[in-house]
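Report on the following structure.
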Amino acid sequence: MQLITDEIRRQLPPLYTTENASDPVAWVKYFTPDSSWTWYATEFDGQDTLFGLVQGLEEELGYFSLAELQQARGPSGLPIERDLHFQPTPLSQLRQQSWT
């Protein structure tokens with residue numbers, strides 16, 4: 001599966017451009033189908049580094065690597081996938097949905 005398409009590359013704001021936004025938008029969702037880890041990207045450097053919300057053992061904002069997502073495997077050996085049905089969503093809504 002292609003984790004980032006040309007369309008997603010065009011939509012994702014460059015790194016640091018939404019750091020003062022009160023409620024940044026996640027443009028793409030990645031997840032492990034065999035565990036509870038999820039990554040929501042809000043910014044992209046155009047090469048490898050993404051920034052956004054990571055929900056795993058804890059919930060935090062941080063940087064993550066596209067190359068590492070492509071290589072990583074979940075506990076059963078399944079690769080990380082892109083949610084093909086995900087619609088751009090403000091982070092505040094994602095936090096309410098996943099952690100309530």
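The shown structure was predicted, so the numbers you read here are calculated from the model rather than taken from an experiment.
Using a 4.5 Å heavy-atom threshold, the side chains of Leu91 and Leu61 count as touching. Counting heavy atoms from C-beta outward, Phe31 and Asp83 have side chains that approach closer than 4.5 Å. Side chains of Thr32 and Leu78 form no contact here, defined as non-hydrogen atoms less than 4.5 Å apart. In this structure, Glu81 and Leu3 have side chains that are not in contact, with every pair of non-hydrogen atoms separated by 4.5 Å or more. Residues Trp37 and Val54 have side chains in contact (heavy-atom distance under 4.5 Å, counting atoms from C-beta outward).
Remark: Glu60 CD is packed, more than 12 non-hydrogen atoms of other residues, nucleotides or ligands lying under 6.0 Å away.
Residues that satisfy the salt bridge (Lys or Arg N to Asp or Glu O under 4.0 Å) test with Asp34, not counting sequence neighbours, are absent from this structure. Under the rule for a side-chain hydrogen bond (donor to acceptor under 3.5 Å, both in side chains), the partners of Asp23 that lie at least two apart in sequence or sit in another chain are Ser92. A search for side chain to side chain contact (heavy atoms under 4.5 Å, CB included) contacts involving Glu68 returns Ser65, not counting sequence neighbours. Tyr30 pairs by the ring-ring contact (aromatic ring centres under 6.0 Å, His included) definition with nothing, not counting sequence neighbours. In this structure Ser36 satisfies the side chain to side chain contact (heavy atoms under 4.5 Å, CB included) test with no other residue, sequence neighbours excluded.
For the atom pair Thr89 OG1 and Leu53 CG, the distance stands at 11.5 Å (nearest 0.5 Å). Note that the OG1 atom of Thr49 and the CG atom of Leu66 stand 9.0 Å from one another [nearest 0.5 Å]. Considering CG of Leu50 and OG1 of Thr42, their distance stands at 8.5 Å, rounded to 0.5 Å. Here the NZ-CZ distance, from Lys29 to Arg82, works out to 13.0 Å after rounding to the nearest 0.5 Å.
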Show me the donor-acceptor pairs within less than 3.5 Å that the side chains of residues 10-22 make with the rest of the protein, sequence neighbours left out.
residue, atom, partner, partner atom, Å
Thr17, OG1, Pro14, O, 2.7
Thr18, OG1, Glu43, OE2, 2.5

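Nearest heavy atom pair, residue Arg95 against residue Gln55, reads CA-NE2, 4.3 Å. Closest heavy-atom contact between Ile80 and Trp39: CD1-CH2, 3.6 Å. Shortest non-hydrogen contact noted between Ser35 and Pro75 is CB-CD, 3.9 Å.
Residue pairs meeting the side-chain hydrogen bond (donor to acceptor under 3.5 Å, both in side chains) criterion with at least one partner in residues 69-79, sequence neighbours excluded, are absent. Residues in residues 76-96 take part in these ring-ring contact (aromatic ring centres under 6.0 Å, His included) pairs, two or more places apart or across chains: Tyr40-Phe86.
Residues Val25 and Phe64 are members of one and the same hydrophobic cluster, defined by side-chain heavy-atom contacts under 4.5 angstrom among Ile, Leu, Val, Met, Phe, Trp and Tyr.
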